[in-house]
Amino acid sequence: MNHPLDPSVRVRFCPSPTGNPHVGLVRTALFNWAFARHNGGTFVFRIEDTDSARDSEESYEALLESLAWLGLDWDEGPVVGGPHAPYRQSERLEIYRDVARQLLDAGLAYESFSTPEEVEERHVAKGANPKLGYDNFDRDLSHEQRAQFRSMGRDPVLRLKMPAEDLVVQDLIRGEITFPAGSIPDYVIVRGNGEPLYTLVNPVDDALMDITHVLRGEDLLSSTPRQMAMYQALAQIGVGSGTTPTFGHLPYVMGEGNKKLSKRDPESAIGFYRDHGFIPEGLLNYLSLLGWSLSEDRDIFSITEMVEAFEISRVNANPARFDLKKAESINSSHIRELDPTDFAARIQDRLILDGVIAAEPSSQQRDLVTKAAPLVQERMGLLSEAAPMLGFLFVTDAEFAFDPAPANKALGAAAHSVLDAAKGALEGLTDFTTETIEHALRSALIEKMELKPKTAFAPLRVAMTGRLISPPLFESMELLGKEKSLARLARARDYQAS
RNA sequence: GCCCCCAUCGUCUAGUGGUCUAGGACGCCGCCCUUUCAAGGCGGUAACACGGGUUCGAACCCCGUUGGGGGUACCA
């Protein structure tokens with residue numbers, strides 16, 4: 001690290017556990033994490049599960065799993081704990097109740113009994129647009145009026161009094177943003193049933209956890225003035241350090257077309273990319289490119305390089321579209337850069353996952369994976385391509401089958417002479433290696449029969465692998481071994497087009 | 001309605017008043033290499049939304065328009 005550090009930096013990632021973790025969310029986590037690591041600060045992970053109706057334990061688990069898979073480690077939060085524990089808001093309800101009480105006692109918040117219908121009626125009565133929003137009506141309710149509402153069995157919500165001045169946000173990414181006084185009505189911080197809302201809980205925890213920088217999605221930009229008002233109120237009652245964090249609003253991650261990547265789209269879920277065959281290195285690299293760039297002419301880099309160079313002020317303000325093609329391309333670059341041993345291990349796990357080899361591979365299978373891995377490392381964009389690419393090595397002769405399309409194309413009657421000549425050339429080989437195989441085949445097919453390489457080798461490729469696309473031919477034959485190679489040659493000779 | 005954000009190739013972006021006849025990457029299209037597919041090499045395609053200012057000079061600054069997005073919830 002050769003840039004100035006700021007260990008006082010404390011950022012947080014605070015998702016609500018609803019649904020599957022999606023790419024936008026993970027990108028937000030990544031930028032927070034990178035910002036913390038770049039500055040040598042602290043990355044806090046907090047779970048905002050105050051909406052009991054929508055939150056789920058599965059979603060919470062998925063969140064932990066996703067971050068772990070990507071290697072985004074947190075310094076404080078669930079599992080690891082920390083000085084501000086607990087980090088799940090469902091376990092902090094007492095704190096919020098207490099703060100709400102103080103806000104009310106200090107006159108910074110008030111009880112509000114108006115129903116949405118009543119608010120609308122008042123707007124209509126004044127000849128105003130009924131959709132104008134809350135009108136701060138209950139601010140000035142007298143003791144008697146409140147008592148009367150209560151006697152009617154109505155439970156009030158708690159609203160924060162918005163200040164009369166303009167609220168100015170100094171956004172790290174967008175610059176100065178001014179929200180005119182009076183444009184935001186007093187908003188609800190505690191439900192009628194006593195449950196605290198995000199609008200209370202989020203700033204309270206940020207204050208209590210000494211968060212210095214709030215980096216979050218653009219969708220929360222318009223709630224920022226409300227939060228700033230809350231910070232001012234919290235400062236007045238002595239909750240937290242009294243300073244308002246600095247905000248930075250990250251651009252959206254959009255899906256295809258012009259729509260925001262919806263939680264319902266399968267390709268919005270981070271798990272989709274893992275299943276699809278992305279490696280964390282590749283996905284992380286691609287995600288970091290959504291709103292940020294390392295330099296003018298490089299877009300393949302490691303997470304370490306990203307952390308070193310990450311400047312929040314260089315984050316773009318405009319929304320980015322997720323482009324699967326480019327993501328895959330970047331992923332292939334990272335696959336190619338993997339250490340061969342590491343790559344072989346990942347391929348093995350993937351082959352197990354895809355049912356190509358047993359969960360406890362035999363030493364023979366392991367050996368084959370190790371030898372085959374280098375043949376495919378630079379021709380794979382996704383780990384999931386391992387099964388179709390290498391499957392031919394692991395099937396028994398009985399299981400082996402030709403793909404009809406390439407087989408019909410390459411194993412017809414015209415191929416018989418090639419297959420026969422190959423058989424003749426290989427049968428006598430005592431030393432069955434890539435070199436001897438290539439030599440024997442070239443001299444028999446290319447030189448003696450004067451075939452074009454393409455014509456000569458396509459049938460053999462299909463014979464060995466069942467496909468037209470495969471690892472290099474001679475290497476594949478060596479891995480298969482003489483016996484199996486000859487057996488497959490014979491099978492190919494007998495192939496009847498279907 | 002009101003408030004706020006955004007605007008460079010199809011996509012991600014570089015660009016912070018002259019070095020821009022706008023750079024890189026993905027994609028796409030050629031060609032080369034080649035035992036297939038990749039990888040690699042070479043070349044090509046393609047953008048400053050529009051209109052006004054400011055300035056000797058604007059992709060960059062200001063205003064407006066248009067277009068997109070968000071908020072205006074007892075969701076987050």
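Computation of the quantities below employed the complete heavy-atom set of this structure, encompassing side-chain atoms and omitting hydrogens, waters and symmetry-equivalent molecules. Residue numbers start from 1 in every chain, and the chains themselves are labelled A, B, ... in the order their sequence lines are given, proteins ahead of strands.
With both ends at atom P, the span from B:C29 to B:U34 equals 23 Å, rounded to whole Å. B:G43 and B:C50 are spaced 31 Å apart, taking the P atom of each and rounding to whole Å. B:C33 and B:C26 have their P atoms separated by 22 Å, given to the nearest Å. Taking atom C1' in both B:U35 and B:G30, one finds a spacing of 24 Å when rounded to whole Å. Straight-line distance between the P atoms of B:A25 and B:U19: roughly 22 Å, to the nearest whole Å. The same atom, P, is picked in B:C3 and in B:G27; the two are 45 Å apart, to the nearest Å. The same atom, C1', is picked in B:G52 and in B:A58; the two are 14 Å apart, to the nearest Å. For B:G24 and B:G64, the P atoms lie 36 Å apart once the distance is rounded to whole Å.
A:Leu197 places its CG atom 12 Å from the P atom of B:U72, with the value rounded to the nearest Å. As rounded to whole Å, 13 Å separates atom P of B:A76 from atom CG of A:Asp205. Distance A:Arg159 CZ to B:U72 P: 12 Å, rounded to the nearest Å. Nucleotide B:C4 holds its P atom 13 Å from the CD atom of A:Glu176, rounded to whole Å. Separating the CG atom of A:Asp138 from the P atom of B:C74 is a distance of 12 Å, rounded to the nearest angstrom. Going from atom CD of A:Glu117 over to atom C1' of B:A73 covers 13 Å, rounded to whole Å. Per the geometry, CE belonging to A:Met228 stands 15 Å off P belonging to B:C4, to the nearest Å. Rounded to an integer number of Å, the gap from CG of A:Asp219 to P of B:A73 is 17 Å.
Contact annotation for A:Pro180: backbone-only contact, meaning every heavy-atom pair under 4.0 Å involves sugar-phosphate atoms and none involves a base. Within the nucleic acid shown, A:Gly291 comes within 4.0 Å of sugar-phosphate atoms alone, with no base atom in reach, counting heavy atoms only. Base contact: A:Leu220 has a heavy atom under 4.0 Å from a base atom. At the heavy-atom level, A:Phe179 lies under 4.0 Å from the strands shown only through sugar-phosphate atoms. A:Asn316 comes within 4.0 angstrom of the backbone, heavy atoms only, and of no base. Using a 4.0 Å heavy-atom cutoff across all strands shown, A:Leu132 reaches at least one base atom of the nucleic acid. Among the heavy atoms of the strands lying under 4.0 Å from A:Val188 are primed sugar atoms or P, OP1, OP2 only; no base atom is included.
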Would you be so kind as to tabulate the donor-acceptor pairs closer than 3.5 Å made by side chains of residues 160-170 of chain A, with sequence neighbours excluded?
{"from": "A:Lys161", "atom 1": "NZ", "to": "A:Gly107", "atom 2": "O", "distance (Å)": "3.2"}
{"from": "A:Asp166", "atom 1": "OD1", "to": "A:Ala181", "atom 2": "N", "distance (Å)": "2.7"}
{"from": "A:Gln170", "atom 1": "NE2", "to": "A:Glu176", "atom 2": "OE1", "distance (Å)": "3.1"}

List the atom pairs, with distances to 0.1 Å, where a side-chain N or O of residues 437-444 of chain A and a protein N or O form a donor-acceptor pair under 3.5 Å, not counting sequence neighbours.
{"from": "A:Glu438", "atom 1": "OE2", "to": "A:Arg442", "atom 2": "NE", "distance (Å)": "2.8"}
{"from": "A:Glu438", "atom 1": "OE2", "to": "A:Arg442", "atom 2": "NH2", "distance (Å)": "3.1"}
{"from": "A:Ser443", "atom 1": "OG", "to": "A:Ala440", "atom 2": "O", "distance (Å)": "3.3"}

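Of the nucleotides present, none pairs with B:U34 by Watson-Crick or G-U wobble criteria with both distances under 3.5 Å. B:A46 is unpaired under the criterion used here, namely a Watson-Crick or G-U wobble arrangement in which both key atom distances are under 3.5 Å. With a 3.5 Å ceiling on both atom-pair distances, the Watson-Crick or G-U wobble partner of B:G51 is B:C63. Pair assignment for B:A22 gives none, since no Watson-Crick or G-U wobble pairing has each distance under 3.5 Å. For B:U72, the paired nucleotide is B:G1, the pair qualifying as Watson-Crick or G-U wobble because both relevant distances are below 3.5 Å.
In this structure a side-chain-to-backbone donor-acceptor pair under 3.5 Å is present from A:Asn32 to A:Thr28. Side-chain N or O atoms of A:Tyr286 include none that pairs as donor or acceptor with a backbone N or O of A:Glu281 at under 3.5 Å.
The cationic group of A:Arg27 lies under 6.0 Å from the six-membered ring centre of A:Phe31 and within 45° of the ring axis, placing it in a cation-pi geometry. A:Phe137 carries A:Arg122 over the face of its six-membered ring, with the cationic atom under 6.0 Å from the centre and within 45° of the normal. A cation-pi contact, defined as under 6.0 Å to the ring centre and within 45° of the axis, is absent between A:Arg488 and A:Phe402. Relative to the six-membered ring of A:Phe113, A:Arg146 misses at least one condition, a distance below 6.0 Å or an angle of at most 45° to the axis.
Heavy-atom distances to RNA chain B give each of A:Gly133 and A:Arg314 a nearest nucleotide, and the one nearer the 5′ end belongs to A:Arg314. Projected onto RNA chain B by closest heavy-atom contact, A:Thr199 and A:Thr178 fall at different nucleotides, the more 5' of which corresponds to A:Thr178.
Nearest nucleotide to the A:Glu378 side chain, out of B:A14, B:A39, B:C4: B:A39. In this structure, the nucleotide among B:G71, B:U13, B:G40 sitting nearest to the side chain of A:Ser222 is B:G71. Taking every side-chain heavy atom of A:Tyr252 into account, B:G69 is the closest of B:A14, B:A39, B:G69.
Remark: A:Phe301 pairs with A:Trp292 by the ring pair (Phe, Tyr, Trp, His ring centres under 6.0 Å) rule, at least two apart or across chains. For the ring pair (Phe, Tyr, Trp, His ring centres under 6.0 Å) test, no residue two or more places apart in sequence or in another chain qualifies with A:Phe432.
For the OP1/OP2 pair of B:G71 and a distance below 4.0 Å, the side-chain nitrogens and oxygens of A:Arg226 include no atom meeting the criterion. Neither OP1 nor OP2 of B:C75 sits under 4.0 Å from any side-chain N or O of A:Arg54.
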Counting primed atoms, P, OP1 and OP2 as sugar-phosphate and everything else as base, the B/S/- map of nucleotides 41-49 of chain B against protein heavy atoms under 4.0 Å is ---------
Treat primed atoms plus P, OP1 and OP2 as sugar-phosphate and everything else as base, then score nucleotides 20-36 of chain B 5' to 3': B for base contact with protein heavy atoms under 4.0 Å, S for sugar-phosphate contact only, - for none. ---BBBSS-------BB
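In this structure, a donor-acceptor pair under 3.5 Å is absent between the side chains of A:Arg226 and A:Thr199.
The aromatic rings of A:Tyr273 and A:Phe322 are tilted relative to each other, their planes meeting at an angle between 30° and 60°.
Applying the salt bridge (Lys or Arg N to Asp or Glu O under 4.0 Å) test between A:Glu111 and each of A:Arg159, A:Arg150, A:Arg139 identifies A:Arg150 as the sole match.
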